[in-house]
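The first residue in the sequence is number 1, and the count goes up from there. From a predicted model like this one, the values you see are computed outputs, not experimental measurements.
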Amino acid sequence: MQSDGKVVDGSILSDANGVEPAPGRAKDSGKWQKPRFSRKALMKCCLVKWIIASTQPQDKDSSDSDLELSTVRHQPEGLDQLQAQTKFTRKELQSLYRGFKNECPSGLVDEETFKTIYSQFFPQGDATTYAHFLFNAFDIDRNGSIRFEDFVIGLSVLLRGSVTEKLNWAFNLYDINKDGYITKEEMLAIMKSIYDMMGRYTYPCVREDAPVEHVDKFFQKMDKNRDGVVTIEEFIETCQKDENIMNSMQLFENVI
């Protein structure tokens with residue numbers, strides 16, 4: 001994805017039959033490898049770009065730029081604790097918090113903010129539904145708002161977590177009603193929302209019926225006992241064993 005949020009090649013999913021995956025996924029001898037996250041890769045994240053863009057230029061040195069906890073109504077946990085809970089450095093947490101505070105002075109972010117973020121980065125499509133699903137994945141306690149702690153812990157998993165951690169997070173996103181299972185309808189709803197958000201930049205590379213085809217093939221592989229739902233164990237096991245599905249799971253690195 002370019003810095004303006006537009007997709008370069010129009011592809012958001014690797015084909016279920018093994019078409020070349022989207023850019024940014026290194027391959028060696030045909031084997032998918034976990035991408036390495038540099039500072040440049042971190043800055044490609046829509047949510048991070050939104051936060052950093054709102055940060056005012058700072059002339060202070062690092063000793064003067066600690067978290068200003070007294071200026072917000074909701075005070076986050078201590079910086080040291082957040083650093084221990086995430087894979088962000090102290091400077092990264094400070095920068096993320098300054099931007100978060102600038103955009104959300106109350107210390108909380110609501111769903112409308114998520115919709116605004118994704119509408120800005122994907123103006124060529126309709127990001128409303130995807131932003132709704134993504135917000136619900138971050139809103140762990142289901143109270144309609146997201147604290148900075150929850151926000152940054154989720155970002156840490158998405159950007160720098162292990163494969164298993166990312167798959168657990170992806171399962172939570174797909175499990176729309178949070179009942180511990182993924183249905184084919186839920187998986188299709190997420191896939192369609194991503195295609196809707198990408199808009200014209202997915203065409204002509206992606207056919208209109210592509211989301212249904214992907215979900216049919218992937219769900220059949222995941223639902224090992226044919227009970228009509230996919231458990232977290234089935235989801236992780238199938239993704240880790242199937243390179244094509246794993247490649248498709250990496251779409252979150254392009255649209256988070």
Side-chain angles (χ1 to χ4, degrees), residues 7 10-22 24-25 27 30-35 118 122 125-140 142 154 157-158 161-199 201-256:
V7 174
S11 176
I12 62 173
L13 292 172
S14 64
D15 187 80
N17 293 318
V19 173
E20 188 71 13
R25 300 178 190 121
K27 301 193 75 177
K31 296 296 184 180
W32 176 83
Q33 294 180 329
K34 180 183 176 182
Y118 280 86
F122 297 93
D126 182 0
T128 303
T129 303
Y130 179 75
H132 168 73
F133 291 143
L134 186 62
F135 178 85
N136 284 343
F138 274 96
D139 184 15
I140 301 300
R142 312 280 286 173
V157 171
L158 290 166
S162 67
V163 171
T164 301
E165 288 171 336
K166 290 182 180 181
L167 290 176
N168 270 286
W169 201 95
F171 182 90
N172 177 54
L173 176 64
Y174 279 116
D175 180 17
I176 296 174
N177 66 1
K178 311 305 178 193
D179 65 352
Y181 301 95
I182 298 175
T183 65
K184 184 182 289 188
E185 290 74 21
E186 287 176 320
M187 186 176 288
L188 183 59
I190 296 292
M191 289 292 186
K192 282 185 173 180
S193 73
I194 294 174
Y195 278 80
D196 289 344
M197 180 175 66
M198 302 304 287
Y201 286 97
T202 62
Y203 297 97
C205 298
V206 179
R207 303 185 313 278
E208 187 173 354
D209 58 351
V212 176
E213 290 186 4
H214 276 88
V215 169
D216 284 344
K217 292 177 181 179
F218 292 169
F219 197 88
Q220 185 176 6
K221 291 181 179 181
M222 291 181 183
D223 185 15
K224 297 182 181 300
N225 60 1
R226 300 294 184 265
D227 62 352
V229 296
V230 172
T231 64
I232 182 65
E233 294 80 14
E234 290 174 323
F235 183 82
I236 292 177
E237 179 183 357
T238 306
C239 289
Q240 290 180 331
K241 289 183 177 179
D242 192 299
E243 183 177 355
N244 294 325
I245 293 180
M246 181 64 83
N247 284 337
S248 290
M249 289 301 108
Q250 298 305 309
L251 66 91
F252 299 114
E253 288 160 18
N254 290 332
V255 296
I256 292 296

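You'll find the side chain of T231 stays beyond 4.5 Å of the side chain of M222, heavy atoms only. No side-chain heavy atom of L158 sits under 4.5 Å from any side-chain heavy atom of K166. Between H132 and N136, some side-chain heavy-atom pair lies under the 4.5 Å cut-off. Counting only heavy atoms from C-beta outward, the side chains of F133 and Y174 never approach each other to under 4.5 Å. Between T129 and K192, the closest side-chain pair of non-hydrogen atoms is not below 4.5 Å. Annotation: side chain of M187 is not in contact with side chain of H214 (no heavy-atom distance under 4.5 Å). The side-chain heavy atoms of M197 and D126, taken from C-beta on, include no pair separated by under 4.5 Å. Contact of the N172 side chain with the K178 side chain is registered, since non-hydrogen atoms from C-beta on lie closer than 4.5 Å.
In this structure, CG in N244 is found 11.5 Å from SG in C239, a value given to the nearest 0.5 Å.
Residue Q220 places its CD atom among 12 or fewer non-hydrogen atoms of other residues, nucleotides or ligands, all under 6.0 Å distant. Other residues, nucleotides and ligands contribute at most 12 non-hydrogen atoms within 6.0 Å of the OH atom of Y181.
The aromatic rings of Y118 and F122 sit parallel, their planes meeting at an angle under 30°, below the 60° perpendicular limit.
Ion pairing of K184 with D223 is absent here, as no side-chain N (NZ or NE/NH1/NH2) approaches a carboxylate O to less than 4.0 Å.
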